Amino acid sequence: MTDQEFNSCLTYLNARKNSVLIEAEMRHKDKAQFDQRYLDSTGFTVPSNSERNPYYVWSLDAPPNDKWGIELRLYFISDENIPAPLNTLATENSRHGYEKYDKRINNNEFIWRLFQNGYKLGDN
């Protein structure tokens with residue numbers, strides 16, 4: 001995604017910040033690395049409770065196949081003006097409990113760029 005495409009996505013999401021949610025889920029062994037990168041990118045520390053969303057860290061005794069790495073998820077409500085690059089990244093959201101949001105993005109690189117541009121875990 002070019003900088004110009006990213007900026008059009010950012011402008012679109014900024015206009016809808018009250019309908020944007022970002023979550024992180026990871027193995028316990030990835031926690032320290034994520035926490036530091038999140039602090040460096042946002043200036044914020046991670047939420048203190050890591051046993052529930054928007055910041056969920058699997059327990060040390062979780063089976064190794066349950067989680068392969070850091071997973072970032074962005075949920076948002078779209079409309080007919082969604083920029084093509086954002087629509088390309090997005091999938092229709094069908095996750096139970098998240099019916100409010102019609103789109104979901106599971107793209108860590110894109111979400112890290114959002115963190116660097118003022119977004120944080122949780123509701124924005």
Side-chain angles (χ1 to χ4, degrees):
M1 177 178 294
T2 68
D3 287 342
Q4 182 178 3
E5 290 171 329
F6 177 78
N7 287 334
S8 73
C9 296
L10 185 61
T11 298
Y12 179 84
L13 292 172
N14 283 344
R16 290 154 187 77
K17 262 196 162 181
N18 62 344
S19 64
V20 175
L21 170 72
I22 299 177
E23 295 181 334
E25 185 177 347
M26 69 205 71
R27 299 172 295 187
H28 194 275
K29 74 178 196 169
D30 296 320
K31 181 184 182 326
Q33 171 196 356
F34 177 85
D35 292 0
Q36 187 60 54
R37 184 173 178 190
Y38 183 77
L39 177 63
D40 293 345
S41 295
T42 66
F44 296 108
T45 58
V46 296
S48 59
N49 186 346
S50 65
E51 296 176 0
R52 63 181 170 85
N53 290 326
Y55 174 65
Y56 185 80
V57 179
W58 286 72
S59 66
L60 280 170
D61 59 350
N65 293 336
D66 281 341
K67 188 53 62 186
W68 295 102
I70 297 168
E71 181 178 341
L72 300 176
R73 294 182 294 270
L74 168 74
Y75 299 91
F76 65 100
I77 300 171
S78 68
D79 63 17
E80 66 280 354
N81 297 317
I82 186 170
L86 190 61
N87 199 36
T88 299
L89 286 177
T91 61
E92 297 299 317
N93 178 44
S94 60
R95 190 165 179 216
H96 178 71
Y98 295 79
E99 291 84 3
K100 170 184 174 181
Y101 308 99
D102 67 314
K103 299 287 186 184
R104 182 182 75 225
I105 294 176
N106 295 9
N107 182 299
N108 287 8
E109 180 182 342
F110 179 78
I111 297 170
W112 279 112
R113 287 182 79 178
L114 290 177
F115 286 152
Q116 294 164 349
N117 282 274
Y119 282 77
K120 62 183 180 4
L121 289 170
D123 292 317
N124 282 270

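Numbers here simply count residues along the sequence, with the first being 1. Keep in mind the model is a prediction, meaning the values are calculated, not measured.
Partners of Thr91 according to the side chain to side chain donor-acceptor pair (under 3.5 Å) rule, which considers only residues two or more places apart in sequence or in another chain, do not exist here. Residues satisfying the salt bridge (charged side-chain N to carboxylate O under 4.0 Å, His left out) test with Glu51, not counting sequence neighbours, are none. Residues meeting the ring pair (Phe, Tyr, Trp, His ring centres under 6.0 Å) test with Tyr56, sequence neighbours left out: Trp58. Annotation: side chain to side chain contact (heavy atoms under 4.5 Å, CB included) contacts of Gln36 (sequence neighbours excluded): Leu39, Asp40. Applying the side chain to side chain contact (heavy atoms under 4.5 Å, CB included) criterion to Arg52, with sequence neighbours excluded, gives Asn49. Scanning for ring pair (Phe, Tyr, Trp, His ring centres under 6.0 Å) contacts around Phe6 gives Phe110, with sequence neighbours left out. For Thr88, the side chain to side chain contact (heavy atoms under 4.5 Å, CB included) criterion is met by no residue, not counting sequence neighbours. Residues forming a side chain to side chain contact (heavy atoms under 4.5 Å, CB included) with Asp102 (at least two apart in sequence, or on another chain): Ile77, Ser78.
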task = Mind running side-chain contact (heavy atoms from CB on, under 4.5 Å) on Glu23 and Tyr75 for me, showing each step along the way?
result = CA-CA 8 Å; Glu23 295 181 334; Tyr75 299 91; 3.6 Å; yes
message = Applying side-chain contact (heavy atoms from CB on, under 4.5 Å) to Tyr101 and Arg73, what does each step give before you reach the verdict?
response = CA-CA 12 Å; Tyr101 308 99; Arg73 294 182 294 270; over 6 Å; no
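Closest heavy-atom contact between Asn53 and Ala24: OD1-O, 4.4 Å. Here the shortest heavy-atom pairing between Pro47 and Pro54 reads CG-CG, 4.5 Å.
Here CH2 of Trp112 is found 8.0 Å from OG1 of Thr42. Values are rounded to the nearest 0.5 Å. The structure places OG1 of Thr45 at 10.0 Å from CG of Leu121, a figure rounded to the nearest 0.5 Å. The line from CD1 of Ile105 to CG of Asn87 is 9.0 Å long, rounded to the nearest 0.5 Å. To the nearest 0.5 Å, atoms OH (Tyr55) and OG (Ser50) are separated by 5.5 Å.
A donor-acceptor contact shorter than 3.5 Å is absent between the side chain of Gln116 and the backbone of Leu114. Looking at Asn108, its side chain does come within 3.5 Å of a backbone N or O of Ile70 through a donor-acceptor pair. A distance-only check finds no donor-acceptor pair linking the side chain of Asn107 to the backbone of Leu89 [under 3.5 Å].
Under the salt bridge (charged side-chain N to carboxylate O under 4.0 Å, His left out) criterion, the residue pairs touching residues 104-113 are Asp3-Arg113, with sequence neighbours excluded. The salt bridge (charged side-chain N to carboxylate O under 4.0 Å, His left out) contacts involving residues 114-124 comprise nothing, where partners must be two or more places apart or lie in separate chains. Within the structure, salt bridge (charged side-chain N to carboxylate O under 4.0 Å, His left out) pairs that include any residue of residues 80-94 comprise Glu92-Lys103 (at least two apart or interchain).
Under the 4.5 Å side-chain heavy-atom criterion for Ile, Leu, Val, Met, Phe, Trp and Tyr, Leu21 and Ile111 are members of distinct hydrophobic clusters. Transitive grouping of hydrophobic side chains (ILVMFWY, heavy atoms separated by less than 4.5 Å) brings Phe115 and Met1 into a common cluster.
Screening Val57, Asp30, Val46 against Asp35 for a side chain to side chain contact (heavy atoms under 4.5 Å, CB included) leaves a single residue, Val46.
Using cut-offs of 30° and 60° on the angle between ring planes, the pair Phe34 and Tyr38 is parallel.
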Which donor-acceptor pairs under 3.5 Å do side chains of residues 9-17 form with protein atoms, sequence neighbours excluded?
unit_1: Thr11; atom_1: OG1; unit_2: Asn7; atom_2: O; d: 2.9
unit_1: Tyr12; atom_1: OH; unit_2: Arg16; atom_2: NE; d: 3.4
unit_1: Tyr12; atom_1: OH; unit_2: Asp79; atom_2: N; d: 2.8
unit_1: Tyr12; atom_1: OH; unit_2: Asp79; atom_2: OD1; d: 3.0
unit_1: Asn14; atom_1: OD1; unit_2: Tyr119; atom_2: OH; d: 2.8
unit_1: Asn14; atom_1: ND2; unit_2: Leu10; atom_2: O; d: 3.4
unit_1: Arg16; atom_1: NH1; unit_2: Tyr12; atom_2: O; d: 2.8
unit_1: Arg16; atom_1: NH2; unit_2: Asp79; atom_2: OD1; d: 3.4
unit_1: Arg16; atom_1: NH2; unit_2: Asp79; atom_2: OD2; d: 2.7

